[in-house]
Engineer: 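Below: one structure in structure tokens.
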Amino acid sequence: MESAEIRRRWLRFFEERGHTVVPSASLVADDPTLLLVNAGMVPFKPYFLGEVKPQFSRATSVQKCVRTLDIEEVGKTTRHGSFFQMCGNFSFGDYFKEGAIKFAWELLTGSVADGGYGLDPEKLWITVYKDDDEAEQIWRDVIGVPSERIQRLGMKDNFWSMGVPGPCGPCSEINYDRGPAYGEEGGPAVNGERYLEIWNLVFMQYERGHGDGKDGFEILGDLPSKNIDTGLGLERLAAVLQDVDNLFEIDTSRMILDRAAELTGHTYGADHKSDVSLRVVTDHFRTALMLVGDGVTPGNEGRGYVLRRILRRAIRNMRLLGATGQVAKDLIDISIKAMAPQYPELETDRKRIETVVVAEENAFLQTLRSGTNLLDAAVTETKAGGGVVLSGEQAFKLHDTYGFPIDLTLEMAEEQGLQVDEAGFRRLMQEQRDRAKADAKA
Ligand code: SER
């Protein structure tokens with residue numbers, strides 16, 4: 001089933017069940033606590049908190065999302081992508097756990113002829129929050145999932161928040177067993193590659209305060225009403241329904257990957273290292289396209305830095321694959337071809353997008369030319385002295401004189417078997433900032 005069809009079925013299913021279809025918001029979050037929209041619920045946050053009264057009690061959307069926290073993992077695992085589309089259904093004080101669970105089961109396991117996705121119920125495994133007896137009972141007694149395919153997990157896995165103060169709640173995830181070729185059995189509690197999480201149902205009922213990580217925060221109290229926020233990864237479901245190994249091989253990604261392979265003379269699937277690079281290029285060009293499409297331009301801070309880093313990682317991976325000339329226009333054009341059927345504005349905005357991306361490529365190639373020589377010299381010097389750590393001074397010079405981002409220095413040093421004194425680098429950066437402040441004051 002094509003990605004576009006997965007989206008159509010999603011929206012139709014929930015619209016027929018009383019949900020208002022809400023178009024995707026821009027990736028540039030209208031929320032001071034976030035740089036970029038990273039979940040389908042972000043545009044609805046004021047409704048969950050009771051700050052604004054929604055005009056509907058049920059909504060559905062397919063939201064553009066970017067997550068860059070796991071960027072180093074992109075391409076290495078089958079699950080991480082920096083851009084993805086989150087299909088969601090939302091209830092604002094309307095249905096709660098039972099309603100959400102029933103909808104999810106019906107849509108996933110309903111036959112293709114009846115508008116469902118036709119998944120085999122026997123391949124679905126459920127996780128619930130460790131104390132959530134009610135959710136487990138609904139899955140077991142109302143839906144009929146056998147107890148051995150329902151697992152309880154803690155805060156880190158089955159309690160969802162935005163990572164910052166806001167709405168939160170226990171969640172229940174639906175995972176698809178991709179079979180023994182993907183590893184040991186034992187359910188999602190032991191193997192996230194084999195038992196791929198496809199849909200997260202969040203029972204949004206609390207407000208969280210400040211704190212760290214996925215479990216180091218305080219619960220401030222109940223939200224004004226009990227709500228539902230669900231998120232199904234469109235690309236993950238597409239991988240399952242198209243029977244491909246990972247996110248980078250589904251219909252909307254594959255043409256970008258093939259173009260990158262063609263430009264560099266590689267055959268996808270021939271060796272692991274090149275495959276990882278091809279996946280990074282695929283993921284990052286698509287993300288860059290969607291960011292530039294929503295008005296982000298490369299820069300040294302905030303969203304601009306996210307975009308710059310992604311674009312530069314993509315271009316560098318093309319060079320690791322052997323590309324010597326410019327590749328950005330070619331790859332952004334194929335990315336537009338892949339995404340424009342769903343986002344026609346990308347086609348009308350093509351000229352502007354190409355200009356932004358090509359200018360960044362030029363700037364980066366210039367940086368690479370001058371910085372790589374210096375980095376190579378620093379690596380040789382360190383190794384000659386028997387060292388395994390590139391000094392903070394060397395990393396700082398690369399940054400300060402040649403505009404080499406620290407992430408790039410870290411990656412390139414690692415490729416040569418060296419570490420970098422990152423703490424030393426950060427100290428020098430801080431000293432430089434302090435000097436600039438003192439100068440400004442004077
Ligand atoms: N907000 C939840 C998530 O991002 C479910 O939509 O996973």
Side-chain angles (χ1 to χ4, degrees), residues 1-12 21-30 36-37 40 42-43 60-68 81-87 233-235 237-238 242 247-263 278-299 303-304 306-308 310-315 318 323 325-362 364:
M1 190 180 294
E2 287 181 359
S3 297
E5 180 61 15
I6 295 176
R7 157 199 285 264
R8 266 196 297 278
R9 279 174 189 249
W10 178 277
L11 295 175
R12 194 189 312 131
V21 176
V22 179
S24 173
S26 163
L27 281 167
V28 176
D30 183 17
L36 295 163
V37 169
V42 170
T60 184
S61 65
V62 178
Q63 173 65 46
K64 300 179 262 190
C65 298
V66 167
R67 286 186 190 172
T68 51
S82 59
F83 170 82
F84 57 96
Q85 298 165 91
M86 193 176 272
C87 302
L234 194 155
E235 287 78 6
L237 183 62
Q242 294 170 16
L247 305 177
F248 316 96
E249 295 172 18
I250 64 168
D251 52 355
T252 47
S253 315
R254 185 67 204 225
M255 58 173 111
I256 311 174
L257 191 146
D258 286 342
R259 187 77 189 112
E262 193 186 319
L263 284 172
L278 286 169
R279 293 186 203 132
V280 170
V281 170
T282 305
D283 173 85
H284 286 16
F285 261 98
R286 191 166 59 160
T287 305
L289 166 69
M290 301 310 288
L291 286 173
V292 178
D294 275 349
V296 181
T297 48
R303 297 176 190 110
V306 172
L307 172 60
R308 170 159 285 165
I310 282 180
L311 213 40
R312 292 186 172 203
R313 285 188 97 231
I315 294 167
M318 280 300 279
Q326 294 187 301
V327 293
K329 182 171 178 309
D330 222 307
L331 288 167
I332 214 71
D333 281 348
I334 193 78
S335 306
I336 293 176
K337 191 168 177 204
M339 299 307 287
Q342 292 179 73
Y343 301 96
E345 66 276 15
L346 296 172
E347 192 58 70
T348 38
D349 228 5
R350 174 188 296 274
K351 272 271 144 313
R352 183 187 64 81
I353 296 171
E354 282 174 0
T355 306
V356 170
V357 171
V358 170
E360 182 62 11
E361 178 179 46
N362 286 335
F364 182 51

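This chain uses plain numbering: 1 for the first residue, then up along the sequence.
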Engineer: Between S82 and T287, which heavy-atom pair has the shortest distance, and what is it?
Structural biologist: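 Closest pair (atom of S82, atom of T287, distance): OG-OG1, 2.7 Å.
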
Engineer: Do L36 and R303 come within less than 4.5 Å of each other through their side chains, counting heavy atoms only?
Structural biologist: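 With C-beta onward as the side chain, the pair touches.
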
Engineer: Can any side-chain N or O of E361 pair as donor or acceptor with the backbone N or O of A328 at less than 3.5 Å?
Structural biologist: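 A pair under 3.5 Å: yes.
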
Engineer: When rounded to the nearest 0.5 angstrom, what is the spacing between OG1 in T355 and CG in D349?
Structural biologist: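 One finds 10.0 Å between OG1 of T355 and CG of D349.
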
Engineer: Using modelled atom types only, decide if a donor and an acceptor are shared between the side chain of S253 and the backbone of L247 within a distance under 3.5 Å.
Structural biologist: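 Side chain of S253 to backbone of L247, a donor-acceptor pair under 3.5 Å: yes, one is there.
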
Engineer: How about Q63 and V22: do any of their side-chain heavy atoms sit closer than 4.5 Å?
Structural biologist: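 A side-chain contact under 4.5 Å is absent here.
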
Engineer: Could you tell me the separation between the CD1 atom of I315 and the CD1 atom of I310, rounded to the nearest 0.5 Å?
Structural biologist: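 If we round to the nearest 0.5 Å, I315:CD1 and I310:CD1 are 12.0 Å apart.
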
Engineer: State, with a plain yes or no, whether a side-chain heavy atom of L346 is found less than 4.5 Å away from one of M290.
Structural biologist: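 When only atoms from C-beta onward are counted, M290 and L346 do touch, with a gap below 4.5 Å.
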
Engineer: Can you measure from CD (E235) to CD1 (I6) and round to the nearest 0.5 angstrom?
Structural biologist: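 Atom-to-atom, E235:CD and I6:CD1 are 9.0 Å apart.
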
Engineer: Checking E354 now: which residues fulfil side chain to side chain contact (heavy atoms under 4.5 Å, CB included) with it, not counting sequence neighbours?
Structural biologist: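 Partners of E354 by the side chain to side chain contact (heavy atoms under 4.5 Å, CB included) criterion, ordered by chain and then number, come out as K329, I332, D333, R350, K351.
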
Engineer: Would you call D283-R279 a salt bridge at under 4.0 Å N-O?
Structural biologist: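 No, no charged N to carboxylate O under 4.0 Å.
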
Engineer: Just wondering, are more than 12 heavy atoms of other shown residues or ligands nearer than 6.0 Å to CD in E2?
Structural biologist: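 No, not enclosed.
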
Engineer: To the nearest 0.5 angstrom, please state how far the CG atom of L278 sits from the CG atom of L263.
Structural biologist: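 L278 CG to L263 CG: 10.5 Å, rounded to 0.5 Å.
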
Engineer: Would you name the heavy atoms of R352 and G293 that are closest together and state the gap between them?
Structural biologist: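 The pair with the smallest heavy-atom distance is NH2-O, 3.6 Å.
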
Engineer: Heavy-atom count check: over 12 atoms from other residues, nucleotides or ligands less than 6.0 Å from D30 CG?
Structural biologist: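 Counting neighbours around CG of D30, 12 or fewer heavy atoms of other residues, nucleotides or ligands fall under 6.0 Å, so no.
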
Engineer: Restricting to non-hydrogen atoms, name the atom on I256 and the atom on S335 that form the minimum distance, rounded to 0.1 Å.
Structural biologist: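 What the structure gives for the nearest pair is CD1-OG, 3.7 Å.
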
Engineer: Under a 4.5 Å cut-off applied to non-hydrogen side-chain atoms, are R312 and H284 in contact?
Structural biologist: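 Side-chain contact under 4.5 Å: no.
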
Engineer: Among I353, L311, L307, T297, which residue satisfies the side chain to side chain contact (heavy atoms under 4.5 Å, CB included) criterion with L291?
Structural biologist: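 Only match with L291 under side chain to side chain contact (heavy atoms under 4.5 Å, CB included): L307.
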
Engineer: Can you see which heavy atom on A260 is nearest to which on V281, and at what distance?
Structural biologist: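 For A260 versus V281, the nearest heavy atoms are CB-CG1, 3.9 Å.
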
Engineer: Rounded to the nearest 0.5 Å, how far does CZ of R259 lie from CG of D330?
Structural biologist: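 Between atom CG of D330 and atom CZ of R259 there are 4.0 Å.
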
Engineer: Which heavy atom in V37 sits nearest to a heavy atom in K64, and how many Å separate them?
Structural biologist: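 Result for this residue pair: CG1-O, 3.7 Å.
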
Engineer: Heavy atoms, side chains only, cut-off 4.5 Å: are L234 and S3 in contact?
Structural biologist: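 A side-chain contact under 4.5 Å exists here.
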
Engineer: Is the cationic atom of R286 (NZ for Lys, CZ for Arg) positioned less than 6.0 Å from the six-membered ring centroid of Y343 and within 45 degrees of its normal?
Structural biologist: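 Relative to the ring axis of Y343, which defines the angle, R286 lies outside at least one limit.
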
Engineer: Rounded at 0.5 Å granularity, tell me how far CD in Q342 sits from OG1 in T252.
Structural biologist: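 Output value for this atom pair is 6.5 Å.
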
Engineer: Indicate yes or no for a side-chain donor-acceptor contact from Q85 to the backbone of C65 under 3.5 Å, with no hydrogens or angles considered.
Structural biologist: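 Such a contact is absent between Q85 side chain and C65 backbone.
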
Engineer: Between S61 and W10, which heavy-atom pair has the shortest distance, and what is it?
Structural biologist: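 Shortest heavy-atom separation between S61 and W10 comes out as O-NE1, 3.8 Å.
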
Engineer: Is it the case that the side chain of E347 and the backbone of I336 share a donor-acceptor pair, with hydrogens and angles ignored and the cut-off at 3.5 Å?
Structural biologist: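 Checking the backbone N and O of I336 against the side chain of E347, no donor-acceptor pair under 3.5 Å is found.
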
